[in-house]
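Okay, structure first, notes after.
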Amino acid sequence: MSLYPGVALITGAASGIGQATAVSFAKEGCGRIVLADRNASGLGETSALIKDAASGCEVLKVQTDVSKVDSVQHLVDEAVSHFGRVDYVCNAAGVLSNNERSSETTPDEFDRINGINYRGCWLCSRAEIKQMLTQDPLPTHDGRPGNRGSVVNIASQLGIVGRPAAPAYCGSKAAVISMTRCDAIDYSKDNIRINCVCPGVIDTPMTKPNMDVLGPAISIAPMDRPGTAQEVADCVLFLCSSKASFVQGSALVVDGGYVIN
Ligand SMILES: NC(=O)c1ccc[n+]([C@@H]2O[C@H](COP(=O)([O-])OP(=O)(O)OC[C@H]3O[C@@H](n4cnc5c(N)ncnc54)[C@H](O)[C@@H]3O)[C@@H](O)[C@H]2O)c1
């Protein structure tokens, strides 16, 4: 039996970590996948990659702006109307740091970054959890009790440690870690698991244009290389699966050792 008999929903699915996660769900046997992003052409690209990887997989694309309440509710409504439920969620939609200190950051820039990275993640997890509260657990790979759903938010190593000229971004990711822990406490009794992943420097379209200036940050990590989107996706899939049935409220660091140095 597949580890993923239910429905996966991924935000930020048009690119990078979200795209790798969506394709990984398909490769690992998940047969119903909802792709959400504001970038419609990228959603088409991810859908094509899924069809190449697993032709029988059913894909639903929903163009979504995670910073808008109505858009997020529309996403979950569409997912439920097509597939009946939402079991494994990866909230990966996010934007890069503006690379300014607080004194140079405008309130609009602060709100834009936090409106997507923190409030947008919260809007998504809020709507997803509301749906999960209405559904029963699915059977698991080895018969252990299942969950009504599993949410994985994408935070960052920069939610754990600081970095020069990134207060808006670092704050947005620290907020995601804190929100994840609070939701994990609140929804344990409802049999919903909520965790986050904290990637280090990962080679994606977000970082590629800046890889030369990211050299010193990469070197802080003992492993001294950027990670791949696949290496993050692998951790998301573990946390979503019934093999992680006792993992709750964790912030799984996937950073080549950056935060231990
Ligand atoms: N790449 C890294 O080094 C790294 C490190 C730590 C954390 N992260 C986090 O991982 C997540 C994915 O980043 P990535 O590296 O794959 O970047 P990416 O730019 O490749 O993908 C991000 C996706 O989010 C989408 N998006 C942005 N704003 C949106 C909105 N308002 N509504 C819907 N979709 C929106 C973009 O269209 C894009 O497809 C982000 O939350 C990012 O902060 C990335």
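When a ligand or atom number is given, it counts from 1 through the structure's own listing order.
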May I ask you to list the atoms of ligand 1 that are less than 4.0 angstrom from any heavy atom of [X]?
X: I17; result: 10 (O), 16 (O), 44 (C)
X: T207; result: 1 (N), 2 (C), 3 (O)
X: D65; result: 30 (C), 31 (N), 32 (N)
X: Y169; result: 6 (C), 7 (C), 8 (N), 42 (C), 43 (O)
X: I154; result: 9 (C), 10 (O), 11 (C)
X: V201; result: 3 (O)
X: G16; result: 16 (O), 20 (O)
X: T64; result: 32 (N), 33 (C)

Please tell me whether L43 and V62 are part of a single hydrophobic cluster in this structure, the criterion being side-chain heavy atoms less than 4.5 Å apart.
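L43 and V62: separate clusters.
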
ILVMFWY network linking L75 to I116, side-chain heavy atoms under 4.5 angstrom:
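Per the 4.5 Å side-chain linkage, L75 and I116 are not co-clustered.
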
Heavy atoms, side chains only, cut-off 4.5 Å: are [X] and [Y] in contact?
X: T207; Y: P226; result: no
X: V176; Y: N117; result: no
X: R119; Y: D111; result: no

Protein heavy atom at shortest distance from [atom]:
atom: atom 22 (C) of ligand 1; value: G94 O, 3.8 Å
atom: atom 7 (C) of ligand 1; value: A155 O, 3.2 Å
atom: atom 20 (O) of ligand 1; value: S15 OG, 2.5 Å
atom: atom 34 (N) of ligand 1; value: R38 N, 3.4 Å
atom: atom 13 (O) of ligand 1; value: M206 CE, 3.8 Å
atom: atom 3 (O) of ligand 1; value: I202 N, 2.8 Å
atom: atom 32 (N) of ligand 1; value: V66 N, 3.0 Å

Mind checking whether K173 has an N or O less than 3.5 Å away from an N or O of ligand 1?
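There is such a contact, yes.
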
Any N/O of A92 closer than 3.5 Å to an N/O of ligand 1?
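Yes, since at least one N or O of A92 sits under 3.5 Å from an N or O of ligand 1.
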
With respect to atom 39 (O) of ligand 1, which of I218, D37, V95 exhibits the smallest heavy-atom separation?
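Considering heavy atoms of I218, D37, V95, the nearest to atom 39 (O) of ligand 1 sits in D37.
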
Does ligand 1 have any atom sitting under 4.0 Å from a heavy atom of [X]?
X: C121; value: no
X: Q157; value: no
X: G200; value: yes
X: P205; value: yes

Side chains of N98 and T105, donor plus acceptor under 3.5 Å:
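Per modelled atom types, N98 and T105 side chains form a pair under 3.5 Å.
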
Could you tell me whether the side chains of T46 and Q19 share a donor-acceptor contact shorter than 3.5 Å?
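Yes, because at least one side-chain N or O of T46 sits under 3.5 Å from a partner of the opposite role on Q19.
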
More than 12 heavy atoms of other groups within 6.0 Å of [X] [atom1]:
X: R112; atom1: CZ; answer: yes
X: D70; atom1: CG; answer: no
X: K51; atom1: NZ; answer: yes

Side chain, backbone, both or neither: which part of [X] comes within less than 4.0 Å of ligand 1 when only heavy atoms are counted?
X: P226; answer: neither
X: T204; answer: side chain
X: I116; answer: side chain

Could you walk me through whether I160 and I177 satisfy the side-chain contact (heavy atoms from CB on, under 4.5 Å) test, starting with their C-alpha distance in whole Å, then the side-chain angles of each, then the deciding distance to 0.1 Å, before giving a yes or no?
CA-CA 8 Å; I160 299 171; I177 295 171; 3.8 Å; yes

From C124 SG over to I10 CD1, what is the distance, rounded to the nearest 0.5 angstrom?
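If we round to the nearest 0.5 Å, C124:SG and I10:CD1 are 12.0 Å apart.
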
S150 (side chain) donor-acceptor with L239 (main chain) under 3.5 angstrom:
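Judged by distance alone, yes, a pair lies under 3.5 Å.
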
Partner of N91 under side-chain contact (heavy atoms from CB on, under 4.5 Å), chosen from V236, I154, V151:
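By the side-chain contact (heavy atoms from CB on, under 4.5 Å) criterion, N91 pairs with just one of V236, I154, V151: V151.
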
Parallel, tilted or perpendicular: which fits the ring planes of Y88 and F25, with parallel below 30° and perpendicular above 60°?
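Because their plane-to-plane angle is under 30°, the rings of Y88 and F25 count as parallel.
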
